[in-house]
Structures are given as C-alpha cells and as structure tokens.
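First the structure, in the form of structure tokens, and then the observations on it.
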Amino acid sequence: MGEYSGVNRANSQYLYGLIILITLAMWVPNLALTRDYTLPLISLITILISPFIVATILLMFAKMSITVDDAKIRLVFWWGFPKKEILINDIRAVELHELSYWWGTGVKKGKQGSIWRAWGKTTVLVKQSNGKSVTIGSDNPDELLQAIRSRLNH
C-alpha cells in the first residue's frame, strides 16, 4: 500500500493580520505614552525586534506535513520541529472532529490529548489505545481519515 502525504497550511490573512496586530500593540502604547515622540532606546529596540520574533514563531507553525504509511503517522511542522509519530498499532479509533478557530495554530495540550494543526476547522481525531487522543489538522481531512482507516483495516 502506498504512502499518503498531506499538508496543513495556515491562512495567510491570519498570519499577516496577527503580525500586524502585535506590531501595533507594541507601537501604539509607546507612542501614546511619550509626549515629545522621543522613545527610550529599549523601547525602540523592542518595537523593532518584536515583529520579527512574532513572525518567526508564527511561520514556524504555518505549515505542517502529514505522512501516513503502513506503520505510523508522522507529523512535522515546517522547519522540522516539533514532530510527532503515532504508531498505527496504537490507534483505537479515528473520526472527523470540528475544532474552534480559538484553539489557534501549533501544538496544544488538553485534558484528552494534544492538538496538532496549522489551520482548519475540521480535523481528524485519533484515539489511541492508551486513552489519549491526538487531533490533527489537515487541508484535506476526509482524505487523511480514509488513509488512516485503510491502514487500520490491514
């Protein structure tokens, strides 16, 4: 059986909007609190560097590659970190799951397990035999679900 490869990309409007929002959140208070529009050096450094730090972190989680083969599911974000492997033998059930956009992007821990996604409302919920679950974001969740189910049936 062939290997399934998928991807989960973040919405560019979300990425750029968040970078602009955080940049404005750094600029506006500093400008509002100064009377003569001269800022201390530390404020200038913070204002200039923070958008690059935010952009770097957001871009790190902007794309996730998903690979499903006969032995495991492999999740890897754009720059090769973080990554996760789920053994097919450890999967108890798999289903589609709706997830709010409020959960954002990246890797999150919850009561039941973890969430791995760059973007998307419809995700694939993988329930493991140890009681934990992993929620996986995908641009094509139906195809990912079928790829995992086909491996489970063999």
Side-chain angles (χ1 to χ4, degrees), residues 2-34 37 39-40 42-69 72-88 90-91 93-128 131-151:
E3 186 177 273
Y4 168 83
S5 293
V7 66
N8 186 217
R9 287 186 186 89
N11 184 323
S12 61
Q13 292 173 336
Y14 164 77
L15 290 174
Y16 297 130
L18 202 53
I19 292 169
I20 291 168
L21 181 68
I22 291 172
T23 302
L24 288 175
M26 296 299 293
W27 276 84
V28 171
N30 278 311
L31 292 176
L33 295 175
T34 58
Y37 298 105
L39 297 172
I42 191 68
S43 293
L44 285 173
I45 292 171
T46 304
I47 289 171
L48 294 174
I49 291 176
S50 62
F52 294 108
I53 294 170
V54 169
T56 302
I57 292 169
L58 284 174
L59 289 174
M60 185 172 123
F61 293 105
K63 181 181 175 189
M64 181 177 71
S65 298
I66 307 154
T67 308
V68 180
D69 60 26
K72 61 189 165 203
I73 302 169
R74 202 171 22 257
L75 309 171
V76 180
F77 276 95
W78 199 0
W79 295 343
F81 173 81
K83 56 184 157 185
K84 181 174 187 71
E85 291 185 348
I86 305 165
L87 298 176
I88 297 293
D90 291 342
I91 297 174
V94 62
E95 61 190 47
L96 287 179
H97 182 69
E98 293 291 318
L99 194 62
S100 170
Y101 286 118
W102 286 105
W103 281 97
T105 64
V107 179
K108 309 277 191 294
K109 288 282 187 189
K111 292 179 188 175
Q112 302 277 320
S114 58
I115 300 169
W116 288 67
R117 79 168 181 182
W119 191 254
K121 192 171 180 97
T122 304
T123 59
V124 176
L125 179 65
V126 176
K127 296 179 181 179
Q128 296 176 294
K132 298 278 185 177
S133 65
V134 180
T135 305
I136 303 170
S138 175
D139 289 352
N140 299 306
D142 293 318
E143 289 179 17
L144 177 60
L145 179 70
Q146 292 306 319
I148 297 170
R149 281 188 177 161
S150 69
R151 272 42 173 213

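Side chains included, hydrogens not; waters and symmetry mates left out as well; all remaining heavy atoms used.
Note: Y14 and W119 have tilted aromatic rings, judged against thresholds of 30 and 60 degrees for the angle between ring planes.
Here the closest non-hydrogen pair linking A118 and A10 is O-CB, 3.6 Å. Taking each heavy atom of E3 and R151 in turn, the nearest pair found is CA-NH2, 3.6 Å. Of all heavy-atom pairs between K72 and I88, the closest is N-CG1, 3.5 Å. Of all non-hydrogen atoms in V107 and P82, the two that sit nearest each other are CG2-CG, 3.7 Å.
Here the straight-line distance linking atom CG of L99 with atom CG of L125 works out to 9.5 Å at 0.5 Å rounding. For the atom pair OG (S114) and NZ (K108), the distance works out to 11.5 Å, reported to the nearest 0.5 Å. With values rounded to the nearest 0.5 angstrom, L59 atom CG is found 12.0 Å from F52 atom CZ. Residue W103 holds its CH2 atom at 4.5 Å from CD1 of I115, rounded to the nearest 0.5 Å. For the atom pair NZ (K83) and OG (S65), the distance works out to 12.0 Å, reported to the nearest 0.5 Å.
Using a 4.5 Å heavy-atom threshold, the side chains of I66 and V124 count as separate. In this structure, W78 and M60 have side chains that are not in contact, with every pair of non-hydrogen atoms separated by 4.5 Å or more. M64 is listed as a side-chain neighbour of I136, based on a closest heavy-atom distance under 4.5 Å.
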Stepwise side chain to side chain contact (heavy atoms under 4.5 Å, CB included) test for I91 and I73: CA-CA 10 Å; I91 297 174; I73 302 169; 3.7 Å; yes
W116 vs T123, side chain to side chain contact (heavy atoms under 4.5 Å, CB included): CA-CA, chis, key distance, verdict: CA-CA 9 Å; W116 288 67; T123 59; over 6 Å; no
Pair T135-R117, side chain to side chain contact (heavy atoms under 4.5 Å, CB included): steps then yes or no: CA-CA 8 Å; T135 305; R117 79 168 181 182; over 6 Å; no
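Judged by distance alone, the side chains of T122 and E98 do bring a donor and an acceptor atom under 3.5 Å apart.
Considering only residues two or more places apart in sequence or on other chains, K127 meets the salt bridge (Lys or Arg N to Asp or Glu O under 4.0 Å) condition with E95.
Counted within 6.0 Å of OH on Y101, heavy atoms from surrounding residues, nucleotides or ligands total more than 12; the atom is thus considered enclosed. Shown here is K132, whose NZ atom has no more than 12 heavy atoms of other residues, nucleotides or ligands within 6.0 Å.
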Donor-acceptor pairs under 3.5 angstrom involving side-chain atoms of residues 138-148: please list them, not counting sequence neighbours.
from	atom 1	to	atom 2	distance (Å)
S138	OG	N140	N	3.1
S138	OG	N140	O	3.4
D139	OD1	N8	ND2	3.2
D139	OD1	R9	N	3.2
D139	OD2	R9	N	3.4

